[in-house]
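Written out below as structure tokens is the structure these notes cover.
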There are 2 protein chains.
Amino acid sequence: MPRPIRKSTAAPLRPPAQAAESFRRSRRDRAVETAQDYVEAIADLTVSPGEARVVTLARRLGVTHVTVNRTVARLQRAGYVRAKPYQAIFLTEAGRKLAAECKRRHETVVAFLRWLGISEKIAELDAEGIEHHVSPETLAAFERLLRKR
Amino acid sequence: MPRPIRKSTAAPLRPPAQAAESFRRSRRDRAVETAQDYVEAIADLTVSPGEARVVTLARRLGVTHVTVNRTVARLQRAGYVRAKPYQAIFLTEAGRKLAAECKRRHETVVAFLRWLGISEKIAELDAEGIEHHVSPETLAAFERLLRKR
DNA sequence: CTTAAATTGTATCTAAAGCTACATATTGAA
DNA sequence: TTCAATATGTAGCTTTAGATACAATTTAAG
Ligand SMILES: [Mn+2]
Ligand SMILES: [Mn+2]
Ligand SMILES: [Mn+2]
Ligand SMILES: [Mn+2]
């Protein structure tokens, strides 16, 4: 069996580290996806049925009420929501701010995909994931094109 | 304190379920992000330094070698790689197929962002996350625009 | 006022993905 | 040939995020 190659020249640390930066950013984005989706959903429900309840959130997000419970507890520790047992869930000021940002970004991504000719359905499906990885620069580029259409 | 509202009319089950579909898709995409990034990196390293080793992968991805070890074990169980102790890591046929798809998609997303006027650096950062949430339809739309430029 | 249905909470399990600390194996050079 | 540096493996911890099963509370009817 062939012996593994081991390069004698010390591998340059810059290229790997540079690539690693993208992966780190991506993982960081992933870690906050949940928080963003929750505050956006809570903001929506606070308007539409009138308040955000555990089961309503669970149905909206497609998870069990148990998952919602624990995530809401975490969001409360993070300062995004206020929640008391058997009560509706409310956004804090920070939560409302984050929700507004996410909603705007979500809508921009959907509109941009629609502008590309993607169907409503698929645009919505893709946007729910893409939105969390769009930098301010890219979002600005999307908006620029939408204004010029 | 105001009592929580409880609507007497049964809440319609369709709208929530429809929104839930996007979140489910997004979570499913998230679950396979790691596998996609790994096989793509393994394919790259197999070409460039000549083989994919644990530490090289770790440096490339920005994680510890321990994380690489466990993920590689999982990818092996999933049938994407072959790995034996103290040896280099190889892609299976399924792994090569997945890697090729991911590489093509990655490059298309980067090229599209560049076409939008995004800088190389930021395009690369955003693409690393966005790529995993781009449907075939949206990818096709990106390619269409790139051809027409 | 009672009570059944709905909602909410909790205990407990699983898996992925990160980490540190430490052990073992391999390699390159003295 | 020895041995220190590097690479690899492993044990065990944490957090997040999903689940099921069951308990407790609240609400809506009757
Ligand atoms: Mn989302
Ligand atoms: Mn969204
Ligand atoms: Mn990626
Ligand atoms: Mn990639």
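Lettering of chains follows the sequences in order, A, B, ..., and the numbering in each one begins at 1.
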Does a donor on one side chain and an acceptor on the other come within less than 3.5 Å for His106(A) and Glu124(A)? yes
Please work out which of the three classes, parallel, tilted or perpendicular, describes the rings of Phe112(B) and Phe142(B), given edges at 30° and 60°. parallel
Val63(A) side chain, from C-beta outward: closest of dG18(C), dT8(C), dG18(D): dG18(D)
Any side-chain heavy-atom pair of Gln76(A) and Thr92(A) under 4.5 Å: no
Between dG18(D) (C1') and Asp37(A) (CG): distance, integer Å: 15 Å
Quick check for you: among dT7(C), dA19(D), dT8(D), whose closest atom lies nearest to any side-chain atom of Val54(B)? dT8(D)
Phe23(A): ring-ring contact (aromatic ring centres under 6.0 Å, His included) partners, not counting sequence neighbours: none
Mark up nucleotides 10-16 of chain D, 5' to 3', with B wherever a protein heavy atom is under 4.0 angstrom from a base atom, S wherever such an atom reaches only the sugar-phosphate, and - elsewhere. BBB---S
In whole Å, I'd like the distance from the CD atom of Glu33(B) to the P atom of dA15(C). 21 Å
Has Ser22(A) got a side-chain atom pairing as donor or acceptor with Glu128(B)'s backbone, closer than 3.5 angstrom? no
Determine whether a donor-acceptor pair (N or O, by modelled atom type, separation under 3.5 Å) exists between the side chain of Asp126(B) and the backbone of Ser135(A). yes
Kindly say if Thr67(B) contacts the phosphate of dG18(C), meaning a side-chain N or O under 4.0 Å from OP1 or OP2. no
Would you indicate which nucleotide in dT8(D), dC19(C), dT7(C) comes nearest to any side-chain atom of Val55(B)? dT8(D)
On the nucleotide dT8(D), are OP1 or OP2 found under 4.0 Å from the side-chain N or O atoms that Arg53(B) carries? yes
